[in-house]
Amino acid sequence: MKIPMEEYIPYRILALIVLAVFYGIYLVKQWRQKRRDIRTMQIGHGKDRQTHTVETLMGIATVGIIPAQLLSIGFGWSHLPANARFTGFCVGILGNLIFLISVLCMKDSWRAGIPVKDKTELVTDCIYAYSRNPAFLGFDLQYIGMLLMFCNLLTGLFTVFAIVMLHLQILQEERYLTATFGRAYLDYRHRVFRYLGRRKG
């Protein structure tokens with residue numbers, strides 16, 4: 001008798017590993033910057049109404065998805081077959097890797113939210129030569145991976161909400177970067193795609 005794949009792959013443990021690594025990267029980066037007197041978290045501080053609203057909703061989405069994911073793992077709410085769930089684990093790990101590389105390449109210019117007073121540099125090398133928003137891409141892949149592993153209505157709604165809000169945040173950051181760096185950012189934007197890929201030549 002064939003044993004179903006679900007019987008011997010510990011998806012709950014694998015999902016917790018994906019989450020622990022992802023948020024571990026985020027918290028360690030924030031802690032290291034705090035030691036250097038850099039305020040990483042700049043969501044909603046001193047912004048115009050539209051920017052403040054988008055950043056606040058993005059914060060709610062990215063924080064709210066965590067308990068939704070944990071509840072799904074704890075109660076085992078999943079409606080997809082084993083092969084989709086294993087794909088989800090791989091996608092989640094890929095998201096972790098991309099997120100790690102992005103925060104390492106960004107160095108001290110990395111912020112959560114649009115900086116009001118901080119002077120940051122335009123980073124266009126390393127992984128940023130292939131994606132203008134690799135950190136957001138990492139977030140999206142982690143969310144999609146977790147959704148594939150524990151697919152249910154609650155996680156699905158939060159995943160869509162978070163991905164939409166991250167995209168709206170990207171659009172705001174693009175306006176900020178254009179205003180701040182001008183032609184240098186416009187040239188970079190022409191060469192490198194928003195999420196993944198670059199133009200030839």
Closest approach of A82 to Y11 (non-hydrogen atoms, all atoms of both residues): O-OH, 3.0 Å
Which atom of L148 lies closest to which atom of A84, heavy atoms considered: CB-O, 3.7 Å
Candidate pair V192 and T124, rule side-chain contact (heavy atoms from CB on, under 4.5 Å), full reasoning: CA-CA 9 Å; V192 180; T124 61; over 6 Å; no
Separation of I65 CD1 from T155 OG1 (nearest 0.5 Å): 7.5 Å
Of all pairs that satisfy disulfide bond (SG atoms under 2.5 Å apart), the ones with a partner from residues 122-186, not counting sequence neighbours: C105-C126
From CD (Q69) to CD (Q142), nearest 0.5 Å: 5.0 Å
L171, CG atom: more than 12 neighbouring heavy atoms under 6.0 Å: yes
Cluster link M58 to F139, ILVMFWY, side chain under 4.5 Å: yes
Shared hydrophobic cluster for Y143 and L137 (ILVMFWY, side-chain gaps under 4.5 Å): yes
Test item: S131 side-chain N/O and Y195 main-chain N/O as donor-acceptor pair under 3.5 Å: yes
Any donor-acceptor N or O pair under 3.5 Å, side chains Q172, Q169: yes
Sequence neighbours excluded - salt bridge (charged side-chain N to carboxylate O under 4.0 Å, His left out) pairs with any residue from residues 132-157: R132-E174
From CG (L16) to CE (M149), nearest 0.5 Å: 8.5 Å
Verify same cluster id: V63, F158 (apolar side-chain graph, 4.5 Å): no
Flag if over 12 foreign heavy atoms under 6.0 Å of CZ, F75: no
Residue pair L27 / W31, side-chain heavy-atom distance below 4.5 Å: no
Side chain K29, main chain K107, donor-acceptor under 3.5 Å: yes
Heavy-atom neighbours of Y130 OH exceed 12 at 6.0 Å: no
Y23-L71 co-clustered via ILVMFWY side chain contacts under 4.5 Å: yes
Shortest non-hydrogen contact from S72 toward N152: OG-ND2, 2.9 Å
Separation of L168 CG from I163 CD1 (nearest 0.5 Å): 12.0 Å
D187 and R183: CA distance, side-chain angles, deciding distance, salt bridge (Lys or Arg N to Asp or Glu O under 4.0 Å) verdict: CA-CA 6 Å; D187 290 344; R183 175 52 57 187; 3.4 Å; yes
Side-chain heavy atoms of N96 within contact of L100, under 4.5 Å: no
Remaining members of the apolar cluster that contains L157, side-chain heavy atoms under 4.5 Å: L153
hydrophobic_cluster_shared for I144 and F161, side chain cutoff 4.5 Å: yes
Residues L70, L19; criterion side-chain contact (heavy atoms from CB on, under 4.5 Å); working and verdict: CA-CA 9 Å; L70 292 174; L19 290 181; 3.8 Å; yes
Backbone N/O of H190 and side chain of R199: donor-acceptor pair under 3.5 Å: yes
Straight-line distance of I98 CD1 to F136 CZ, nearest 0.5 Å: 14.5 Å
Ring-face cation contact, F150 with R85, 6.0 Å cut, 45° max: yes
Parallel, tilted or perpendicular: rings of Y26 and F99 (30°, 60°): parallel
Shortest non-hydrogen contact between V54 and M165, atoms and distance: O-CE, 3.6 Å
Nearest atoms (heavy-atom pairs only) where A61 meets A162: CB-CA, 3.6 Å
Atom pair OG1 (T62) and CG (L57), whose distance is rounded to the nearest 0.5 Å: 10.5 Å
